[in-house]
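All remarks here apply to the structure that follows.
This structure is a prediction, so every number in the text was calculated from the model and none was measured.
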Amino acid sequence: MIGVFDSGLGGLSVLAALMDALPQADFVYYADTAHMPYGNKTEEFITRRVLEIGELLVAQGCTLVVVACNTATAASVQILRATHPGIPIVGIEPGIKPAALASATRRIAVLATEATSRSDRLARLIREHAENVEVRVVPCPGWATHVEMLQLNDPALATDVRARIEPLLAQGVDRIVLGCTHYSFIAPLLADIIGTRAQLVDVAEAVARQAQRLAGDFAHGSGRLQLQASSCPQNLPAALPRLGLDRIIPRVA
Ligand code: DGL
């Protein structure tokens with residue numbers, strides 16, 4: 001069984017890519033809805049939750065874990081790996097490398113939570129993969145919570161998104177990296193604002209390919225999916241159609 005987790009609904013964008021790549025695998029998805037958002041929490045808090053969720057997934061029999069959250073990966077993927085050395089753990093990090101490689105203007109931006117924006121791991125990623133590229137790191141407080149509350153068409157969100165994106169485009173940014181899995185669900189809003197002036201970079205499918213490579217025998221199960229949450233688990237299946245994920249069907253048996 002493959003365990004996938006996030007602070008809330010955002011990681012469902014990664015789960016969808018994983019289920020496409022591994023249609024026969026068994027999945028359990030855990031949303032830490034009692035503690036969402038992670039983006040305004042300390043590294044210590046996030047690490048404690050990541051280790052607790054890791055224990056919970058391993059105790060349920062997960063033999064591969066996907067951290068479908070940039071914030072949790074930046075804060076804690078290393079300690080999670082060290083705690084479970086026998087279990088492959090796939091994290092998600094903003095697609096700085098593909099964006100830097102593809103940028104014609106040599107200017108890219110990454111949209112992320114506050115915690116990811118200030119993380120050492122993001123700074124290192126930029127140093128390693130975007131040496132000759134200008135990178136604007138844009139913290140986007142509140143965006144993940146709007147997605148979590150399914151307020152995708154809220155005019156206040158649209159105003160805030162436009163206010164953060166227009167200056168980037170005016171500065172010649174031509175690749176905009178989605179550095180938080182919740183932001184995949186506002187990609188249509190972002191695309192409306194951006195038009196043909198830039199392209200969005202989302203690495204959900206690349207993460208799914210990495211999990212596919214590591215899955216081995218775990219790729220062959222009976223296509224089961226359980227959705228779990230630390231608060232209000234009934235909201236997860238209800239959210240799927242609202243997020244355009246009607247094709248994800250929780251199947252326990
Ligand atoms: N979805 C998460 C990420 O990828 C975190 C959102 C949040 O809880 O702040 O960073």
Please report the closest heavy-atom contact between [X] and [Y], naming both atoms and the distance.
X      : Y      : answer
Gly10  : Glu148 : N-OE1, 4.4 Å
Ala99  : Val201 : CB-CG2, 4.0 Å
Val110 : Gly179 : CG2-CA, 4.2 Å

Only pairs at least two apart or in different chains count here, so list each ring-ring contact (aromatic ring centres under 6.0 Å, His included) that has a residue in [range].
range            : answer
residues 142-184 : Trp143-Tyr183
residues 100-138 : none
residues 43-99   : His35-Phe45

Look at atom [atom1] of [X] and say whether more than 12 heavy atoms of other residues, nucleotides or ligands are closer to it than 6.0 Å.
X      : atom1 : value
Asp246 : CG    : yes
Asn153 : CG    : no
Arg213 : CZ    : yes
Glu166 : CD    : yes
Ile79  : CD1   : no
Gln234 : CD    : yes

Thr71 and side chain to side chain donor-acceptor pair (under 3.5 Å): which single residue from Asn40, Asp6, Thr116 fits?
Thr116

Applying side chain to side chain donor-acceptor pair (under 3.5 Å), name anything that partners Arg136, two or more places apart in sequence or on another chain.
Glu134, Gln171

Holding to side chain to side chain donor-acceptor pair (under 3.5 Å), I want the full list of residues that pass it with Gln78, two or more places apart in sequence or in another chain.
none

Is any side-chain heavy atom of Val77 closer than 4.5 Å to a side-chain heavy atom of Arg121?
yes

Between Val66 and Leu227, is there a shared hydrophobic cluster once you connect ILVMFWY residues whose side-chain heavy atoms come closer than 4.5 Å?
yes

Check for me, please, whether Leu214 and Met1 land in the same ILVMFWY cluster - side-chain distances under 4.5 Å, paths through other members count.
no

Please identify each residue that fulfils ring-ring contact (aromatic ring centres under 6.0 Å, His included) with Tyr29, with sequence neighbours left out.
none

Note: Glu128-Arg124 ion pair, threshold 4.0 Å (strictly below)
yes

Run the salt-bridge test on Asp174 and Arg106 with the 4.0 Å N-O cut-off and return the result as yes or no.
no

